[in-house]
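Let me begin by presenting the structure, written as C-alpha cells, before commenting on it.
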Amino acid sequence: MSSSSKFSSAFTYTLEISERELQEKVAMIMPLTKKSLFFSVIIYEPEIQLHALNNEIGFFAHVDVVVPGGLKGSGRGMIKGKVVYDSADGAFYLNQPNIEGLEIDRIPRKVIPSITKTAQIILSKSLSKYPVYKLKDDDVKHQLAKSTLKSISIENECLLVTLGL
C-alpha cells in the first residue's frame, strides 16, 4: 500500500487513501453472490469513483441475475455510500450503500426493483464485514491515530481522513 499521511498538528493525523488503493480493497471482496427464492444476484468488477462534491465513495459494478426458468441477464449499476470509521478496529466502512441506475438486459423491468433491493442487502451485509480501508496495527502513526475521527473528505482523487487524540 502506498497511502501517505501527514501530521497537521501534534494531536491530529491525516491519512490520504488513493482511489487506486480503495479500488484494490473493494475488488478483494468481490464477487458478492446472493440467492433468493426468486433469483440469484452476483455483483462483481467494481470500478471506484470518489465524489468530492458530497464526500461519497461510489463504484460502478457489473451485475448478473438468474431468474428461475433459466432467464439470465447482465448489467451495471452505481453503488454509493458514505464512509464511516470504527475506532474499535481502526477500519473504514462504506455505510448504507445505495444502488442507483441499475440496468439489466433480458430481465423484465418490473423485476428490477426487487433485484435492486436484494443487491442492496448483499452490499450492506458484505460491506459491513469488509472494510474499504484498515489502519495498520504495525504502524506507530496508525496506532496513535486510532482514537477519534475528526473528518472525512475527498480531494484530488484521494480519501482524506483526519484522526485525532
Side-chain angles (χ1 to χ4, degrees), residues 1-4 15-136 142 149 151-162:
M1 297 260 160
S2 64
S3 63
S4 62
L15 178 67
E16 294 180 10
I17 307 166
S18 72
E19 195 171 73
R20 182 185 56 77
E21 288 176 273
L22 292 169
Q23 174 72 38
E24 290 171 4
K25 287 287 190 184
V26 173
M28 285 178 15
I29 66 170
M30 299 280 175
L32 300 173
T33 304
K34 174 73 174 170
K35 292 181 182 188
S36 75
L37 205 52
F38 303 106
F39 45 81
S40 297
V41 177
I42 302 168
I43 301 169
Y44 61 100
E45 293 182 7
E47 298 170 24
I48 288 287
Q49 293 182 346
L50 298 177
H51 301 276
L53 207 61
N54 51 9
N55 282 332
E56 287 184 327
I57 291 181
F59 58 91
F60 277 105
H62 292 269
V63 179
D64 287 347
V65 177
V66 179
V67 180
L71 185 60
K72 296 180 182 179
S74 295
R76 287 174 50 103
M78 170 59 92
I79 296 102
K80 287 184 178 180
K82 297 276 186 192
V83 176
V84 295
Y85 176 62
D86 181 345
S87 61
D89 62 359
F92 300 89
Y93 297 90
L94 192 62
N95 189 35
Q96 299 178 339
N98 184 39
I99 298 177
E100 300 174 357
L102 182 63
E103 294 180 14
I104 301 174
D105 61 0
R106 294 180 289 208
I107 298 293
R109 287 186 89 64
K110 65 183 180 186
V111 181
I112 300 294
S114 296
I115 293 170
T116 300
K117 185 176 180 180
T118 299
Q120 282 192 199
I121 291 167
I122 295 169
L123 288 165
S124 291
K125 286 182 179 180
S126 297
L127 295 175
S128 69
K129 294 178 195 170
Y130 301 106
V132 293
Y133 190 84
K134 185 168 174 49
L135 295 175
K136 298 173 186 109
H142 284 204
L149 177 67
S151 67
I152 294 176
S153 62
I154 295 172
E155 294 177 28
N156 301 323
E157 298 182 4
C158 283
L159 180 65
L160 300 178
V161 179
T162 303

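Note that NZ of Lys129 is 10.5 Å distant from CD1 of Ile29, once rounded to the nearest 0.5 Å. Summarising the geometry, atom CD1 belonging to Ile121 is positioned 11.0 Å from atom OG1 belonging to Thr116; distances are rounded to the nearest 0.5 Å. In this structure, CE in Met30 is found 10.5 Å from CD in Glu45, a value given to the nearest 0.5 Å. Taking CG of Leu160 as the start and CD of Glu155 as the end, the distance is 5.0 Å to the nearest 0.5 Å. In this structure, OG in Ser18 is found 10.0 Å from CG in Leu159, a value given to the nearest 0.5 Å. Summarising the geometry, atom CD1 belonging to Ile48 is positioned 7.5 Å from atom CD belonging to Glu19; distances are rounded to the nearest 0.5 Å.
Side-chain N or O atoms of Asp86 include one that pairs as donor or acceptor with a backbone N or O of Ala88 at under 3.5 Å.
Residue pairs meeting the ring pair (Phe, Tyr, Trp, His ring centres under 6.0 Å) criterion with at least one member in residues 92-125, sequence neighbours excluded, are Tyr85-Phe92. The ring pair (Phe, Tyr, Trp, His ring centres under 6.0 Å) analysis of residues 96-115, with sequence neighbours excluded, yields no pairs.
Side-chain atoms of Glu24 and Met28, non-hydrogen and from C-beta on, never get closer than 4.5 Å to each other.
Considering only residues two or more places apart in sequence or on other chains, Glu56 meets the side-chain hydrogen bond (donor to acceptor under 3.5 Å, both in side chains) condition with Asn54. With sequence neighbours excluded, no residue forms a ring pair (Phe, Tyr, Trp, His ring centres under 6.0 Å) with Phe60. By the side chain to side chain contact (heavy atoms under 4.5 Å, CB included) test, Ser151 pairs with Thr162, sequence neighbours left out.
Here the shortest heavy-atom pairing between Lys35 and Ser40 reads CG-OG, 3.2 Å. The two residues Pro31 and Tyr44 make their nearest non-hydrogen contact at CB-CB, 3.9 Å. Contact record, Ile107 with Val111: CG2-CB, 4.1 Å, taken as the closest heavy-atom pair. Residues His51 and Gln49 come closest through the heavy atom pair CD2-O, 3.4 Å.
Atom NZ of Lys82 has more than 12 neighbouring heavy atoms from other residues, nucleotides or ligands inside a 6.0 Å radius. Dense packing is recorded around CG of Asp105, with more than 12 heavy atoms of other residues, nucleotides or ligands lying under 6.0 Å away.
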Cut-off 3.5 Å, no hydrogens considered: what does the side-chain donor-acceptor table look like for residues 66-79, sequence neighbours left out?
residue, atom, partner, partner atom, Å
Ser74, OG, Asp64, OD1, 2.9
Arg76, NH1, Glu47, OE2, 3.2
Arg76, NH1, His62, NE2, 3.3

(message) Set out, in order, the CA-CA distance, both residues' side-chain angles and the distance that settles side chain to side chain contact (heavy atoms under 4.5 Å, CB included) for Leu15 and Tyr133, then state yes or no.
(response) CA-CA 11 Å; Leu15 178 67; Tyr133 190 84; 3.5 Å; yes

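In summary, Glu21 and Lys25 do not engage in a salt bridge, as defined by a charged side-chain N under 4.0 Å from a carboxylate O.
With Phe59 as the fixed residue, the side-chain contact (heavy atoms from CB on, under 4.5 Å) test singles out one of Leu22, Leu50, Leu94: Leu94.
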